[in-house]
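Each remark here refers to the structure printed beneath this line.
Each residue takes its place number in the sequence, starting with 1.
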Amino acid sequence: MNLALWIVAGLLAAVFGVAGLMKLAQPKERLAAAGLAWTEDFSAGAVKAIGGLEVLAALGLILPATFGVVPILTPLAAAGLVIVMIGAAVTHGRRGEHPAIAVNVVLLVLAAFVAWGRFGPHAF
């Protein structure tokens, strides 16, 4: 189970690290043109904040456990991603972007799995 938690955490870290860096590095207009139409509903600062949270969560999933420093941050980062994915699903639902909700739900379930495992039976 520990290996499965590491694999899922690594996968989530990669997905959210890339997604967050993309939101931080590109202007809102370019993101919207690239298919992230939901950015039209948010200010540029809010999009950057979401990207920053995603990058921090990606780092929090891996680094604390890897270095043994404040390992409680790993399940907290996963729980934070659950909250971010709830917000993303609500945003996509309001916009009628139902296929995107499926992606949000999958990522939410994976993040919840890591949070459950690292808060509970497989804590560091």
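Partners of L63 by side-chain contact (heavy atoms from CB on, under 4.5 Å), not counting sequence neighbours, listed by chain and number: L59, F67. In this structure V105 satisfies the side-chain contact (heavy atoms from CB on, under 4.5 Å) test together with I101, V109, sequence neighbours excluded. Looking at residues two or more places apart in sequence or on another chain, you find a side-chain contact (heavy atoms from CB on, under 4.5 Å) between A32 and T39, E40. For the side-chain contact (heavy atoms from CB on, under 4.5 Å) test, residues two or more places apart in sequence or in another chain that qualify with P27 are E29, R30.
Side-chain contacts under 4.5 Å among hydrophobic residues (ILVMFWY), followed directly or transitively, place V18 with no other residue at all. If you chain together ILVMFWY residues whose side-chain heavy atoms come under 4.5 Å of each other, L3 ends up grouped with I7.
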Kindly list each side-chain donor-acceptor pair under 3.5 angstrom involving residues 10-17, sequence neighbours excluded, with atom names and distances?
none

Run the side-chain donor-acceptor check on residues 114-122: report pairs under 3.5 Å with partners two or more places apart or on a different chain.
residue : atom : partner : partner atom : Å
R118    : NH1  : N2      : OD1          : 2.8
R118    : NH1  : H122    : O            : 2.7
R118    : NH2  : N2      : OD1          : 2.9

Extract all donor-acceptor atom pairs below 3.5 Å that involve side chains of residues 75-88 and protein atoms in other chains or at least two apart in sequence.
none

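Neither L53 nor V55 shares a network with the other; the hydrophobic side chains, linked directly or stepwise wherever heavy atoms of I, L, V, M, F, W or Y lie under 4.5 Å apart, form separate groups for each. Clustering ILVMFWY residues whenever any of their side-chain heavy atoms sit less than 4.5 angstrom apart, transitively, puts V69 in a cluster other than the one holding I62. Following chains of ILVMFWY side-chain contacts shorter than 4.5 Å, one can reach F124 starting from F113, so the two form part of one hydrophobic cluster. Hydrophobic clustering of Ile, Leu, Val, Met, Phe, Trp and Tyr side chains at less than 4.5 Å, counting indirect connections, keeps L73 apart from L5. A single hydrophobic cluster is not seen to contain both L56 and L61; linkage of ILVMFWY side chains at heavy-atom distances under 4.5 Å, directly or through other members, places them apart.
The salt bridge (Lys or Arg N to Asp or Glu O under 4.0 Å) pairs that include a residue from residues 103-116 number zero, where partners must be two or more places apart or lie in different chains. Residue pairs meeting the side-chain hydrogen bond (donor to acceptor under 3.5 Å, both in side chains) criterion with at least one member in residues 41-66, sequence neighbours excluded, are K23-E54, D41-R95. Sequence neighbours left out, not one pair with a member in residues 68-83 passes side-chain hydrogen bond (donor to acceptor under 3.5 Å, both in side chains).
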Exercise. Is there a side chain to side chain contact (heavy atoms under 4.5 Å, CB included) between I50 and W38 once you walk through the steps?
Worked result: CA-CA 12 Å; I50 292 167; W38 63 267; 4.0 Å; yes
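Separation of atoms CG (L31) and CE (M22) is listed at 5.5 Å; rounding is to 0.5 Å.
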